[in-house]
Student: 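Can you keep this structure in mind? I'll have questions shortly.
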Amino acid sequence: MPAVAAATESEAAARDANPQYVLPLVVRIERATPPQRTDALETAARAVLTFLADPRATDGEWAPLVHAWTDGRIRKVVRRARGAEWTRAEALPGITVAGDTAQVRVYPPIPLDGWPKDLARLQVSGTDLDDTEPPPPLDPGSTPILWLNPDLEMTAGKSMAQVGHAAQIAWWRLTDTQRKDWAAAAFPLAVRVAPKDAWPALADSGRPLVRDAGFTEIAPGSCTVVADLPVLGGGLADA
């Protein structure tokens, strides 16, 4: 398990002493046709998983960067692009994943202060997306669900990073066979806000849980997302 899973203060200190890298994600937000919020979050989570499963990231040209990144905190930063900005962003090495309305491009990890020029100029703010219609209800246990903490208010960009963390932590919990099966199915998943009365049990269930470092928007240690994967057992109904 990478160093991000530090269980003690000394392990956390050792992790944080390592050179810190970040996984950049860029979401396409055109003024006239912004993506739906839930679709953007789901697409971001799938983009992270697609990157982690890519041979270039597992044992190819990106593998040393992935190793350096997971030796520290698994930081992710989401920026937005439109028009010519998106064209320039797509020209850089990475992977674009498309949802129904969203496009998200994920790149190999970079040092915190080593952003390529065409990504560094992109804005972090301005990712306040909405759903024109509420996302449809789901049957717990029917598909992997990333449950957002209903008591936290986060921008879409922050939420995209958090569901990316949850997807990644869940990925680490799976066996090689389970990973191959999920990848072969193109990473079906859903993102939903957890019911308020179900969240405490979900957060205490032992399922993959994201605790935010508190660098932006929310307090350090805040529990943001629980990954509820049928293959890991259970579901919201028994949480």
Side-chain angles (χ1 to χ4, degrees), residues 20-70 74-133 135 146 154-168 171 183 185-191 215-217:
Q20 298 295 302
Y21 282 69
V22 61
L23 189 76
L25 295 98
V26 175
V27 55
R28 185 177 186 179
I29 303 181
E30 301 291 346
R31 286 190 178 92
T33 56
Q36 298 289 295
R37 180 186 177 95
T38 297
D39 189 42
L41 269 59
E42 292 172 349
T43 303
R46 285 197 302 271
V48 170
L49 292 166
T50 301
F51 174 81
L52 293 172
D54 192 286
R56 290 169 291 182
T58 56
D59 54 14
E61 61 198 87
W62 296 339
L65 295 172
V66 172
H67 180 75
W69 171 51
T70 55
I74 54 168
R75 297 187 184 189
K76 299 176 181 69
V77 172
V78 178
R79 298 181 181 237
R80 62 176 172 85
R82 61 171 61 100
E85 296 173 333
W86 177 255
T87 300
R88 289 191 294 268
E90 274 213 304
L92 298 175
I95 303 169
T96 297
V97 175
D100 293 332
T101 63
Q103 294 182 65
V104 176
R105 188 162 180 84
V106 58
Y107 302 86
I110 57 174
L112 281 177
D113 57 355
W115 285 76
K117 179 180 65 176
D118 286 332
L119 297 185
R121 66 178 63 177
L122 300 177
Q123 296 295 312
V124 177
S125 61
T127 56
D128 295 323
L129 303 173
D130 296 308
D131 287 321
T132 55
E133 297 289 341
L146 308 179
M154 298 183 289
T155 63
K158 177 71 172 181
S159 298
M160 290 168 69
Q162 297 300 300
V163 297
H165 294 334
Q168 182 169 358
W171 179 255
F187 298 113
L189 58 84
V191 174
F215 294 124
T216 60
E217 295 193 25

Student: Please walk me through it: do Val27 and Val78 pass side-chain contact (heavy atoms from CB on, under 4.5 Å)?
Tutor: CA-CA 7 Å; Val27 55; Val78 178; 4.0 Å; yes
Student: Quick one: pull up CG in Leu41 and CZ in Arg46 and give me the separation to the nearest 0.5 Å.
Tutor: 11.0 Å
Student: To the nearest 0.5 Å, tell me how far Thr101 OG1 sits from Arg28 CZ.
Tutor: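 Answer for the OG1-CZ pair, Thr101 versus Arg28, is 12.0 Å.
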Student: Show, in sequence, the C-alpha distance, side-chain angles and deciding distance for Asp118 and Leu92, and conclude whether the side-chain contact (heavy atoms from CB on, under 4.5 Å) test is met.
Tutor: CA-CA 8 Å; Asp118 286 332; Leu92 298 175; 4.2 Å; yes
Student: Counting N and O atoms only, with roles assigned by atom type, does the side chain of Arg79 sit under 3.5 Å from a partner on the main chain of Leu122, one being a donor and the other an acceptor?
Tutor: yes
Student: Run the side chain to side chain donor-acceptor pair (under 3.5 Å) test against Arg56 and tell me which residues pass, sequence neighbours left out.
Tutor: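 Side chain to side chain donor-acceptor pair (under 3.5 Å) list for Arg56, sorted by chain: Asp54.
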Student: Gln162: which residues meet the side chain to side chain donor-acceptor pair (under 3.5 Å) condition with it, sequence neighbours left out?
Tutor: Asp212, Thr224
Student: Indicate the atoms forming the closest heavy-atom contact of Ala81 with Val26, along with that distance.
Tutor: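 Smallest heavy-atom distance, with atoms named: CB-CG1, 3.7 Å.
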Student: Can you list everything that forms a side chain to side chain donor-acceptor pair (under 3.5 Å) with Glu61? Sequence neighbours excluded, please.
Tutor: none
Student: Name all residues meeting the side chain to side chain contact (heavy atoms under 4.5 Å, CB included) criterion together with Thr96; count only those two or more places apart in sequence or in a different chain, and write none if there are none.
Tutor: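 Thr96 satisfies side chain to side chain contact (heavy atoms under 4.5 Å, CB included) with Trp86, Glu90, Gln103, Arg105 only.
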Student: Ring pair (Phe, Tyr, Trp, His ring centres under 6.0 Å) with Trp115: which residues, sequence neighbours excluded?
Tutor: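 Here no residue qualifies.
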Student: Taking Glu42 for the side chain and Asp39 for the main chain, is one N or O donor matched with an acceptor at less than 3.5 Å?
Tutor: no
Student: For the backbone of Thr132 and the side chain of Gln36, can you confirm whether one donor and one acceptor N or O come within less than 3.5 Å of each other?
Tutor: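 Yes, because the side chain of Gln36 sits within donor-acceptor range (under 3.5 Å) of the backbone of Thr132.
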Student: About how many Å separate NZ of Lys158 and NZ of Lys76, when rounded to the nearest 0.5 Å?
Tutor: 11.0 Å
Student: Would you name the heavy atoms of Leu146 and Ala45 that are closest together and state the gap between them?
Tutor: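 Distance-wise, the nearest heavy atoms are CD1-CB, 3.7 Å.
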Student: For the residue pair Phe51 and Trp69, does the interplanar ring angle fall in the parallel (under 30°), tilted (30 to 60°) or perpendicular (over 60°) class?
Tutor: perpendicular
Student: Would you give the length of the straight line joining atom OH of Tyr107 to atom CD1 of Ile95, rounded to the nearest 0.5 angstrom?
Tutor: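 Spacing of OH (Tyr107) from CD1 (Ile95) equals 11.0 Å.
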Student: Rounded to the nearest 0.5 Å, what separates atom CE in Met160 from atom CE in Met154?
Tutor: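 Between atom CE of Met160 and atom CE of Met154 there are 12.5 Å.
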Student: Can you list the residues that meet the side chain to side chain donor-acceptor pair (under 3.5 Å) rule with Asp131, with sequence neighbours excluded?
Tutor: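 By the side chain to side chain donor-acceptor pair (under 3.5 Å) rule, Asp131 matches Thr38.
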Student: Locate the shortest heavy-atom distance separating Pro116 from Ile110; write the atom from each residue and the value.
Tutor: CD-CD1, 3.9 Å
